[in-house]
2 protein chains.
Amino acid sequence: MSTANPAATAGSRRMPEKRQAIARAASTVFGREGYTRASVDAIATEAGVSKRTIYNHFGDKEKLFLSVALETAGELTEIIAGLADRHLHKIVDLEADLTAFAVDRAKAVLSVGEHYALGRTIRAEAGNIPPDVLAAWLAAGPLASHRDLADHLARLAAQGLLTVDDPDLAATHFTLLTFSGAADQSFYGAVPISDTALRTTVTTGVQAFLRLHPRP
Amino acid sequence: MSTANPAATAGSRRMPEKRQAIARAASTVFGREGYTRASVDAIATEAGVSKRTIYNHFGDKEKLFLSVALETAGELTEIIAGLADRHLHKIVDLEADLTAFAVDRAKAVLSVGEHYALGRTIRAEAGNIPPDVLAAWLAAGPLASHRDLADHLARLAAQGLLTVDDPDLAATHFTLLTFSGAADQSFYGAVPISDTALRTTVTTGVQAFLRLHPRP
DNA sequence: GTCTATAGAACGATAGAC
DNA sequence: GTCTATCGTTCTATAGAC
């Protein structure tokens, strides 16, 4: 039998595929059910492994959650960075491009049931997460995306497309006006938000942002 | 023995004080622990009643939670309406008054451990709350406060203090710029936010709001 | 005497851990 | 697969109010 068949390597020393399957399953189930409601049984079933395998890889439920939280935060940050690059690198129509970015970002973060959608669970559990882990999650996730956005806005300002005194503040304004409202409406993805509602919220948000930071 | 002693009336027909004690305790414990972590035992202990009494009054844990959620939403709405009236009824210094209102409102909503601070628990459980109950909570809480704020802003605009085309949109801007950031930073009250951090966030938010809706 | 409320034990199911 | 703890819920017995 060839080692190219993953099933044939079931007893091998390292099992990164199983670990990854568990991580994806955990992300999905934690994101869908929340921390306390998500049972290790359900995660094991979703991952197609036994509970014992989960405990061997991650120790206990809390460590599993925290590990997966940090990993998916980094993945989502990269996804958002890709969206920003796609929509904001070369500006064609400023308002349209900002809107397209904001819509795609909101969809990425607020998507329900996706494997990187446990942001709402992390927020719901913030009070029970060790402060250093919470800080690490913030740094790998929301803060990293915030910095990336601030850099883009500063660059657009340097190109004469926006007025930006403080890129950090501008990024805050952009996120508040084009994302926070949608996040609040959808309870961070727990309740679906219609495409048209999202688009309306984002569009008016971008308009307000552009009034705060107009082309000079 | 006198009936003025509450303990002496233990077997009386109606016991609104006990019901209220349970409601307050439930609000506190649900707000502090979240829905699934809060045990009926803990609520009973906090309220100083037996578990059975809770079931007699509220049926089951879920009904208890939903009842208390709706009741406290209304209470918080009234508190915020009072704050708005106090700070916005007679304007002395527009920016200072708006800032004071926003600071007090954020403190009221994000106060940790207070008996009306289970907003974050409701948001965390939004996906598990029956849609009609969630809608009722929104109507009694956030939406009612939103409308009240919109009315105040419209009135200030009529007095020539602000430019407001759409009071609804203006209220949205105000909340996003002066509240949502603080709520996000503190994870809706799960993690304490320092007074200076709150004040800074709110102050810059009010400034942005006034740039969007300047005195004509 | 009957009714209601209470306290506390007990039950059954679930879920984390090994 | 098993063990054990926890938790939501129910049952039983006691006591005061009308």
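No experiment lies behind these values; they were computed from the predicted model shown.
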Write down the distance between [atom1] ([X]) and [atom2] ([N]), rounded to a whole number of angstrom.
| X | N | atom1 | atom2 | value |
| --- | --- | --- | --- | --- |
| A/E33 | C/dT14 | CD | P | 14 Å |
| A/F58 | C/dG16 | CZ | P | 16 Å |
| B/K18 | C/dT4 | NZ | C1' | 13 Å |
| A/H57 | C/dG16 | NE2 | P | 19 Å |
| A/N56 | C/dG16 | CG | P | 17 Å |

Checklist outcome for this item: Reading nucleotides 2-13 of chain D from 5' to 3' and marking B where a protein heavy atom lies under 4.0 Å of the base, S where only the sugar-phosphate is that close, and - otherwise, the string is ------SBBB--
Checklist entry - Name the one of A/W137, A/F30, A/F58 that satisfies ring pair (Phe, Tyr, Trp, His ring centres under 6.0 Å) with A/F65? => result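 Only one of A/W137, A/F30, A/F58 forms a ring pair (Phe, Tyr, Trp, His ring centres under 6.0 Å) with A/F65, namely A/F30.
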Item to check | Spacing of OG belonging to B/S180 relative to CG belonging to A/L177, to within rounding of 0.5 Å | outcome: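 Answer rounded to 0.5 Å: 9.5 Å.
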Next on the checklist: Does the Lys NZ or Arg CZ of A/R86 fall within the cation-pi geometry relative to A/F101 - under 6.0 Å from the ring centre and within 45° of the axis?
Outcome noted: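 Not satisfied by the 6.0 Å and 45° rule.
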Checklist entry - Taking the six-membered ring of B/Y55, is NZ or CZ of B/K61 closer than 6.0 Å to its centre and within 45° of its axis? => result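 Pair B/K61/B/Y55 does not count as cation-pi.
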Checklist entry - Would you call the rings of A/H173 and A/H213 parallel, tilted or perpendicular, where under 30° means parallel and over 60° means perpendicular? => result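 Ring orientation of A/H173 relative to A/H213: tilted.
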Item to check | OP1 or OP2 of C/dT6 under 4.0 Å from side-chain N/O of B/S50 | outcome: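 Result: no.
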Item to check | Any side-chain donor near an acceptor of the partner, A/R199 and A/T99, under 3.5 Å | outcome: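 There is no such pair (donor and acceptor under 3.5 Å, judged by atom type) between the side chains of A/R199 and A/T99.
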